[in-house]
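The next block holds one structure in the form of structure tokens; read it before the comments.
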Amino acid sequence: MDSIEKNDKMIETLSEFLNPDELVLDPERRDFYSTDVYSRGALPSVVVVPENKEKVSKAVAAAKREGYVIVPRGGGMSYTGGYRPVREDTITFDMSRMNKILEINQEDMYITVEAGVTWKQIYDALKPLGLRLPFFGTFSGYRATVGGGLSNGALFMGTGRYGTAAEIVQCIEVVLADGTLLKTGQPGFKNVSKPFYRTYGPDLTGLFVHDAGTFGVKVQATLKIIKMPAHTDFASFCFPDMWSTAKALSCVARTGSAEEAYVFDPGSTKKNLKASNIVEDIKTLGSVFKNQKSWLSGLVEGTKLVVAGRDFLKDGAFSMHIVVSGNSTAATKIDLDIIREEIKKCGGEEIPNSIPKAVRADPFKPLNSILGPDGDRWAAMNAKMAHSDAIDVMKETEELIENYKTRMDDCGVFITRLMIAIGQHSFSYEPVIHWFDEWLPVHKQTPEPSHLKTLTEPKPNAKATELVAEIRKEIVRIFTNRGVASNQIGKTYPYFQSLKPETAKVIEGIKNQLDPDYTVNPGGLGFPLDKVN
């Protein structure tokens, strides 16, 4: 049977239980699914946009029978090849239609959602009830989904105190390679009616967290919820260099006082302010009013934001932004006092808190920032490490970047940095590579049309793209040699190859048990492609 006949048979099989609008067959539409934010892969044969988990189960089983591989896809903001097909006989599963919130249990403090639900949906549904997730969203939370976030180490909103998406998930339902629907956590037991607990026995839920979608297709998840903190306050500080800023971020993280603590380098601060109109947007100002307890305090805070303008930061300064929350103003004051004392020891200077205040006033903006304000593309690298290792890892990476400076300048490539505190125990460093090249489908279809009209698509720039690939490879080498962790492992970070033999044997055994033909997201987690049947 040739590939056309094989594909026709696959489509005929899927059409027996999927509606026409659950199948994407048009080549131009499928081209969108061949790329992520960074690069292009193979054109998938079919894209399935299922409406429920039963159809996912049937479609996965059919794909296996017909000799296809499958790739699950969440909100689509990955830049590590996580959902990028590596071969044409791929069925991509777009989970965006499975976007129902199934249960909000205020008595037992959990929410159960389908995998295609976004962090924004959850935030909007819980806020009127005075509730929230502990970690509650990413920078791309407007479209980022729970399934994608659990597969790719989602973090940011609330991460300083509560950690990442991995720490708030209780139970997962996942379709395995043969179509079996597996329930983890308490729902995996007989005679259990509520998904209220995760670790009665070995942590099966954890097995499917941060797996880059290689162990199965996530279709449902239960997450912890908390009472919305009654009071939130903000602070921002500037530092003369990267190293004093990194030291201060670790000091702040260790106090446990910040709900969020993150750092922009001078370049990212400038670009964020330029890209988002962060202090002039009337919508943001309106959100500041709504989030205050009275119209008077809203007027005061909104006026402060506007008066601060965009020129509150010294040229060349690194800026740290803090969010604290608690059940009283006294509690938030104590947290800020603790943080200010640590900052003082590290030589920081307090500046207007416009950035964290505006981010929290409207935490889920449209994803216009998928392109830089000048139409540049970008892709982030990530190292999560112990506080005591952070500066050494960063220095080696920055020395590498400095060695590329002449070539970068010649090609119009530049790098910005983001640092984030993850709970009290981990430090996240993200060098973000920017360059000018023709846009991929995701860049053309994700931003608001009105915003896209303000930008000009760059001409193809193979020289810059090749240099970016080279720099990324070298940064991955440093991170791998240093033994750091990374979020969005995808097909970029050599997870499997980096394991000690004993650990690799266990992980390989799990993959062989769940997916012996390696048909679920081939290449993810660094699993070798030659094992795919």
Side-chain angles (χ1 to χ4, degrees), residues 139 156-158 160 229 231-242 244-249 251-253 255 257-326 329 332-363 365 369 373 416-421:
F139 264 143
F156 189 66
M157 301 287 184
H231 297 273
T232 302
D233 208 345
F234 310 89
S236 292
F237 306 88
C238 70
F239 299 82
D241 56 53
M242 183 184 302
S244 59
T245 316
K247 178 182 176 182
L249 183 63
C251 290
V252 169
T255 68
S257 297
E259 188 163 276
E260 283 147 38
Y262 53 95
V263 170
F264 293 145
D265 75 350
S268 34
T269 301
K270 182 178 180 180
K271 293 183 76 66
N272 280 323
L273 290 175
K274 180 179 178 182
S276 63
N277 270 341
I278 204 165
V279 296
E280 294 182 1
D281 190 332
I282 191 65
K283 294 179 182 178
T284 296
L285 183 58
S287 297
V288 171
F289 272 78
K290 288 190 294 185
N291 288 339
Q292 298 297 320
K293 292 295 183 182
S294 70
W295 72 269
L296 179 59
S297 61
L299 177 61
V300 170
E301 292 303 316
T303 302
K304 286 180 182 177
L305 190 151
V306 172
V307 169
R310 300 187 187 193
D311 299 322
F312 55 82
L313 193 61
K314 298 175 182 178
D315 287 343
F318 284 71
S319 59
M320 182 187 302
H321 308 287
I322 303 291
V323 180
V324 297
S325 64
T329 54
T332 56
K333 182 180 183 303
I334 289 170
D335 281 334
L336 278 181
D337 286 346
I338 291 170
I339 289 169
R340 287 186 173 111
E341 185 62 29
E342 292 297 325
I343 296 293
K344 183 179 179 181
K345 295 176 185 175
C346 296
E349 176 186 341
E350 191 154 4
I351 58 176
N353 57 14
S354 301
I355 288 178
K357 187 177 295 178
V359 169
R360 273 299 193 98
D362 188 10
K365 287 180 176 291
S369 60
T416 59
R417 293 108 180 134
L418 171 67
M419 305 175 218
I420 303 173

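Note that these values count all heavy atoms, side chains included, but never hydrogens, waters or copies made by symmetry.
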field: Point-to-point distance, once rounded to the nearest 0.5 Å, from CG of D233 to NZ of K357
entry: 7.5 Å
query: Measuring from M320:CE to I355:CD1, what's the distance to the nearest 0.5 Å?
result: 13.0 Å
message: I need the minimum non-hydrogen distance between A258 and V324, along with the two atoms involved.
response: CA-CG1, 4.3 Å
field: Smallest separation among heavy atoms of T332 and G326, with atom names
entry: CG2-N, 3.5 Å
- request: Supply the atom-to-atom distance F264 CZ to R417 CZ, rounded to the nearest 0.5 angstrom.
  value: 14.0 Å
message: Would the distance check show the side chain of E260 and the main-chain N or O of I322 forming a donor-acceptor pair, the cut-off being under 3.5 Å?
response: no
field: M157 side chain reached by V359 side chain, heavy atoms, under 4.5 Å
entry: yes
query: Side chains of L418 and F139: closer than 4.5 Å at any heavy-atom pair?
result: yes
statement: Distance col, row K247:NZ vs D241:CG, nearest 0.5 angstrom, shows 11.0 Å
- prompt: How close do F237 and E350 get, heavy atom to heavy atom, and via which atoms?
  reply: CD2-CA, 3.7 Å
task: Apply the test side-chain contact (heavy atoms from CB on, under 4.5 Å) to residues D335 and E259: give CA-CA distance (whole Å), side-chain angles for both, the deciding distance (0.1 Å), then the verdict.
output: CA-CA 10 Å; D335 281 334; E259 188 163 276; over 6 Å; no
field: Donor-acceptor pair, side chain of N353 and main chain of F234, under 3.5 angstrom
entry: yes
Derivation of the side-chain contact (heavy atoms from CB on, under 4.5 Å) call for E341 and D337: CA-CA 6 Å; E341 185 62 29; D337 286 346; over 6 Å; no
task: Quick one: do K345 and E342 satisfy salt bridge (charged side-chain N to carboxylate O under 4.0 Å, His left out)? Show the steps, please.
output: CA-CA 5 Å; K345 295 176 185 175; E342 292 297 325; 3.6 Å; yes
task: Grab the two heavy atoms, one from A235 and one from P356, that are nearest each other, plus how far apart they are.
output: O-CG, 4.0 Å
message: Ignoring hydrogens, what is the shortest heavy-atom contact between Y262 and L249? Give both atom names and the distance.
response: N-CD1, 4.3 Å
- request: Enter the distance from I351:CD1 to F239:CZ here, rounded to the nearest 0.5 Å.
  value: 9.0 Å
message: For the CD1 atom of I338 and the OG atom of S257, what is their distance to the nearest 0.5 Å?
response: 4.0 Å
- line: Heavy atoms of H321 and S236 approach each other most closely as ND1-OG, 2.8 Å
